[in-house]
Structures are given as structure tokens and as C-alpha cells.
Amino acid sequence: MKFQSIAASLATLIFAASPSMTAPARTDAVPAAQSAVEQPEILVARDDTENPGSEDRFIDTWFPAVKPEAEPENLDDVDTGGPIDAKGIPEVPLDAQYRIERGDTFKAVLLRAGVAPDDADRAIQALTKVYDPKRLQPGIEVFLQLQPHKKSHVPLLVSIDFIADPETDVSVLRESDGSFSATTYERALTPRLAYGRASIRSSLYEAGQEAGVPSAILNGLVNLYSFDVDFQRDVQRGDSFEIVYQRMTDEGGTAVIEGDLMIASMTLSGVKTTLYRFKTKSGYVDYFDQDGQSAQKSLLRTPTDATRISSGFGSRRHPILGYNRVHRGIDFAAPKGTPVYAAGDGVIEKAGRFGSYGNYIRIRHGGGFKTAYAHLRGLANGISEGARVKQRRVIGYVGSTGRSTGPHLHYEVIKNGEQVNPQTLRLASGYRLKGEELADFKKGIGTLTEQLAAFRERTARKEN
Ligand SMILES: [Zn+2]
């Protein structure tokens, strides 16, 4: 058991010094090569009976601005072990650390470290009892302890340690009789509050990155505000946000999981809206404004990934097509492939090619509302006429099909058969806290506000 604790503490130490593990690379990258301007496709197909507002008079014009995706961090193997020279062998076990690459197996890692194939097989056999080796993901760091053999060049495998997921450590250990045993440990995680604020200079996404806000938290923020905010038109240079959120940290103080947003505040054109996370006694969790009104609405104002919307301000190259008599929808400029969400719960009424709209989806919601999404690159799996969808389900991907000169989402809200301007729409809101719940909530936001004030003070002190 002695090796065990050494290996474990060593693993913790190395892990603590390796923050890159906590920043998973984005997998939804859009190749920059797709940014080339597409020529408008001339289509004569019409279907006026099904599409009361289609006059085919407009051509949606976008000069695409594709946001470059961050390059995934490319760390080389950190290999402090490797084959051991028989001369001048130290008696203490050597440590080796490997970063799992795509297509890697435990066997390959162990053989690379110089372990005998038979030892490797027996260790993996023991491991399989607590962990499915197929779950091994690229990016996982595997820590090995190797005991140099006095005569041969082949070291003995003493232990394997790795973090299987943010909450679980796995350890394989050579017993005194030469057999291997494997154990899983729950990692001790502590919730901590973190703070972020940023002023938007070029885009919300960049502001968030600069402020060091983890992308999961930034996504949470934009999802929360996408009920009310049109992220293409409502966000201006100088607007800002401020957030308090939870992160789970391990024993070394490294954040391993992002928790919940606790307070989210956005100031748009001088108007500040603050939302607070609150759990009612019945277990319902939502975000509410200071009056106890839920942030949820029946339809999203921004039915796409707002972090990927190209900034609509400060550049003459990005004209914003707003709602008018000819252009009866709202456009969101985003890179090709950006997911498009169902604005609300409903049933798919039309899904497929539709004249100048290109690939098109229309959803029927309650209350006489429909929403439509045009110029899509393609539809998501399972999206066909008659399918039921939930709010924010991915239904398709931004493209430039139909009469369009660049990738964007054309979004329409249709009320009682007529396209209406989503910007002026008043929508029914969700839950409202009352009575005792409201009193509990007010008490809760008092505490959160104190925490926010403390963070502000600390940040101000640092800046001075
Ligand atoms: Zn449009």
C-alpha cells in the first residue's frame, strides 16, 4: 500500500500543475476554409400556397465573417520515464507520464514505457474489473511508476494512476505477490465561487475569453439571455456582463468541473438586467429577475449559438438586415455549421428544400405561433415533418442554401399566418415566484449580492 499512496500523491501533484486537462478542446470547429463567399443560387421554385409571406423579392445578403476557432492545445507527450538504461540504475521507482492520443490504448502506452507485454496484459486485465478501457479518451494523462530491473532492460510495472473523469481516480497496483489489483476513488471536490466581468469590445465570445470565463459558463450565460436578447442586434460595443459562478476544485485547487451560474448580469445600451439562480422548496430550479419573474419565455429571441454570432457592430462589412415589409425575418450571421435551435416546444410542420429559402424548417407552437428557419446547410437527425421538438433542441445548421450570399440564419416568427417582427413581440413569460417562495428568494439574492459585492471589491483592489 506504500506505493499506492506515493503514486496517488504524485499523481495529484502532477495533475495540479497541469491545468490544461481542465480545458477540453472544442470539437465543433468550423474549418476556416468555409469562409469563402458563396455565389447566390438562383432558384425559381415557388410555393406560395404554403408560404404567405414569400415574395421572393429579397436576397439575403451577408458578407460572412467566420470567427476563427481556437486551436486545440497540442501538448506533446510529457515523458519522464521511457526505456531505462541498465547501467547506473536507481533503486527507486521512476515516474512516467503519458498523454493519451487519439487511437491510443493502455497496452500501447505500457509498451511505450518499456513494460513487458505479459505485465501489461495482466495489469490491463485487473483494470478492466473497475474501468472499461474503451472509455480511454484522448487527453487523459496516465501516470506510471516503474521499478528498474537490476539486470534486464525491462522495468517492472509498479502502478498506473489516471483521472478517469472529473470525479473519479483509477489506480492499478502491483501487489507483493506480483499480481495486479485495481481500485477507483471518488475525487474530493470542493465547490468555490468564481467571478468574471467583461466589457464587450468586439464580440461577446472574445470578451468572455479575455475575462477567462470558461466556455461552459459563457454558454450558460448566453442561453439564459437568449430568451430576451437578440444577440445580433441588441449587443453593442461597450455593453458588459458580470457573473458569479461555481467551480468544483480538486485537492490541488485546480478547477475540474464548472458548476452553475449563480448570478448573471448584462448591461445592454445602459439597461442592466440581473438574473439569480434559485431552487424552490419543491426542487424547481430556474433563473429569476429581482422581482421573482422567471427568465424563460415560450420562444427564444436568439435561436442559435449566440457565442458564434459574428459581431454586428463597428464594421461596415456586416450590414444587419432587420425586419421590414420586404424582408420579413431577422438574420443572424454565424459560421456555417453553427447549430440552430428550436425557438420553442412544438411540432415540425415543414422540413426540407423550400424555394428561395433553401433548406427550411417550420415549427408550429402553441398560441397561434409558428417559427421558421431558412438557408440551413442541413437538418439535424430526426427532424422531419410531424416530429415533436423541445425548446433549444438542435434542429439544423447554419448554411447559405437558397437565395443567400453568405452563411446566416434567417429566422421568422409567424403569428396567425403572418410574419411578425420578433423584436417587438411580447411573449408570455414562465413561472413567477409568489408568497413564501418569493420571500425565500429575496433572502437568497441578498446573500448572493453580498458575495458579488465582495468579488467586486477584491477585483477593484487588484486593479488599483
Ligand atoms: Zn433574412
Side-chain angles (χ1 to χ4, degrees), residues 16-17 19-20 22-23 166 188-229 231 234-280 285-295 306-307 311 433 437-464:
S20 61
T22 62
L189 300 179
T190 318
R192 277 170 216 266
L193 286 179
Y195 172 77
R197 71 169 176 195
S199 184
I200 298 161
R201 280 183 291 129
S202 60
S203 78
L204 181 76
Y205 177 79
E206 278 173 24
Q209 296 266 304
E210 277 168 28
V213 176
S215 51
I217 296 295
L218 193 64
N219 286 334
L221 177 75
V222 300
N223 283 349
L224 197 49
Y225 280 89
S226 58
F227 293 107
D228 268 315
V229 174
F231 277 96
D234 295 348
V235 179
Q236 304 293 323
R237 178 177 290 130
D239 287 348
S240 60
F241 69 83
E242 187 174 35
I243 52 175
V244 175
Y245 58 100
Q246 273 184 333
R247 14 184 33 173
M248 306 300 282
T249 55
D250 66 11
E251 291 142 328
T254 305
V256 291
I257 315 180
E258 306 309 339
D260 295 306
L261 257 178
M262 304 306 289
I263 307 179
S265 186
M266 280 200 94
T267 304
L268 302 175
S269 303
V271 180
K272 184 169 173 174
T273 326
T274 305
L275 299 169
Y276 305 87
R277 186 178 190 275
F278 180 65
K279 186 177 179 179
T280 66
V285 180
D286 200 356
Y287 291 84
F288 299 90
D289 68 14
Q290 57 192 13
D291 301 320
Q293 178 64 58
S294 159
T307 60
S311 66
L433 300 171
E437 270 181 350
L438 185 61
D440 283 351
F441 170 71
K442 296 258 180 181
K443 221 181 289 167
I445 68 175
T447 313
L448 285 174
T449 306
E450 279 167 29
Q451 286 162 337
L452 177 64
F455 272 118
R456 272 188 198 146
E457 206 181 300
R458 213 182 303 167
T459 309
R461 236 182 292 140
K462 250 187 250 165
E463 284 168 0
N464 288 331

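Starting from 1, each residue takes its place in the sequence as its number.
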Engineer: Check whether any side-chain heavy atom of Leu193 lies under 4.5 Å from a side-chain heavy atom of Gln246, and answer yes or no.
Structural biologist: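 When only atoms from C-beta onward are counted, Gln246 and Leu193 do touch, with a gap below 4.5 Å.
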
Engineer: Give the table of side-chain donor-acceptor pairs shorter than 3.5 Å for residues 442-455, with sequence neighbours excluded, one pair per line with atom names and distance.
Structural biologist:
{"from": "Lys442", "atom 1": "NZ", "to": "Gln290", "atom 2": "O", "distance (Å)": "3.3"}
{"from": "Thr447", "atom 1": "OG1", "to": "Lys443", "atom 2": "O", "distance (Å)": "3.4"}
{"from": "Thr449", "atom 1": "OG1", "to": "Ile445", "atom 2": "O", "distance (Å)": "2.5"}

Engineer: Looking at every heavy atom in both Leu224 and Ala264, which two are closest together, and how far apart are they?
Structural biologist: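 Closest approach of Leu224 to Ala264, heavy atoms only: CD2-CB, 3.9 Å.
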
Engineer: Quick one: list whatever passes side chain to side chain donor-acceptor pair (under 3.5 Å) with Arg192, sequence neighbours left out.
Structural biologist: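 Result, side chain to side chain donor-acceptor pair (under 3.5 Å) vs Arg192: Thr249.
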
Engineer: Checking Asp286 now: which residues fulfil salt bridge (Lys or Arg N to Asp or Glu O under 4.0 Å) with it, not counting sequence neighbours?
Structural biologist: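 Asp286 satisfies salt bridge (Lys or Arg N to Asp or Glu O under 4.0 Å) with no other residue.
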
Engineer: Which pairs pass side chain to side chain donor-acceptor pair (under 3.5 Å) with one or both residues in residues 260-273, sequence neighbours excluded?
Structural biologist: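 Passing the test, one end in residues 260-273: Asp260-Arg277, Ser265-Thr274.
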
Engineer: What residue pairs, at least two apart or across chains, pass ring-ring contact (aromatic ring centres under 6.0 Å, His included) with a residue in residues 238-274?
Structural biologist: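 Matches after skipping sequence neighbours: none remain.
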
Engineer: Tyr287 side chain to Leu261 main-chain N or O, any donor-acceptor pair under 3.5 Å?
Structural biologist: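 Checking the backbone N and O of Leu261 against the side chain of Tyr287, a donor-acceptor pair under 3.5 Å is found.
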
Engineer: If a pair satisfies ring-ring contact (aromatic ring centres under 6.0 Å, His included) and one of its residues is in residues 247-267, list it, with sequence neighbours excluded.
Structural biologist: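 ring-ring contact (aromatic ring centres under 6.0 Å, His included) check on residues 247-267 returns no pairs.
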
Engineer: Do you know which two heavy atoms are closest between Ala211 and Ala198, and how far apart they sit?
Structural biologist: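 Looking at all heavy atoms of both residues, the closest pair is CB-CB, 3.8 Å.
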
Engineer: Please identify each residue that fulfils ring pair (Phe, Tyr, Trp, His ring centres under 6.0 Å) with Phe288, with sequence neighbours left out.
Structural biologist: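 If we apply the ring pair (Phe, Tyr, Trp, His ring centres under 6.0 Å) test to Phe288, skipping adjacent residues, the hits are Phe441.
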
Engineer: What residues form a side chain to side chain donor-acceptor pair (under 3.5 Å) with Asp234, not counting sequence neighbours?
Structural biologist: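 Not a single residue meets the side chain to side chain donor-acceptor pair (under 3.5 Å) criterion with Asp234.
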
Engineer: Return the minimal non-hydrogen interatomic distance between Leu433 and Phe278, and the atom names on each side.
Structural biologist: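 Heavy atoms of Leu433 and Phe278 come nearest at CD1-CD2, 3.8 Å.
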
Engineer: Do you know the tightest heavy-atom contact between Tyr195 and Thr459?
Structural biologist: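 That closest heavy-atom pairing would be CE2-OG1, 3.3 Å.
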
Engineer: Got a donor-acceptor contact below 3.5 angstrom from the Arg247 side chain to the Gly259 backbone?
Structural biologist: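 It does not hold such a pair.
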
Engineer: So which atom in Leu218 and which in Gly208 form the shortest heavy-atom distance, rounded to 0.1 Å?
Structural biologist: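 Reported closest heavy-atom pair: CD1-CA, 4.0 Å.
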
Engineer: Under the side chain to side chain donor-acceptor pair (under 3.5 Å) test, which residues partner Asp289, sequence neighbours left out?
Structural biologist: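 Residues passing side chain to side chain donor-acceptor pair (under 3.5 Å) with Asp289: none at all.
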
Engineer: So, taking the atom named OG1 in Thr307 and the one named CG in Asn223, what distance separates them when rounded to the nearest 0.5 Å?
Structural biologist: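 The CG atom of Asn223 is 9.0 Å from OG1 of Thr307, to the nearest 0.5 Å.
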
Engineer: Can you give me the closest heavy-atom contact between Ser240 and Ser199, atom names plus distance?
Structural biologist: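 So the two residues come closest at CB-CA, 4.0 Å.
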
Engineer: To the nearest 0.5 angstrom, please state how far the CD atom of Glu258 sits from the CE atom of Met248.
Structural biologist: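 Taking CD in Glu258 and CE in Met248, the distance rounds to 11.0 Å.
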
Engineer: According to side chain to side chain donor-acceptor pair (under 3.5 Å), who are the partners of Glu437, at least two apart in sequence or on a separate chain?
Structural biologist: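 For Glu437 the side chain to side chain donor-acceptor pair (under 3.5 Å) partners, ignoring immediate neighbours, are Tyr431.
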
Engineer: Nearest 0.5 Å, what's the CD1-CZ distance between Ile200 and Arg237?
Structural biologist: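 With rounding to 0.5 Å, CD1 (Ile200) is 11.0 Å from CZ (Arg237).
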
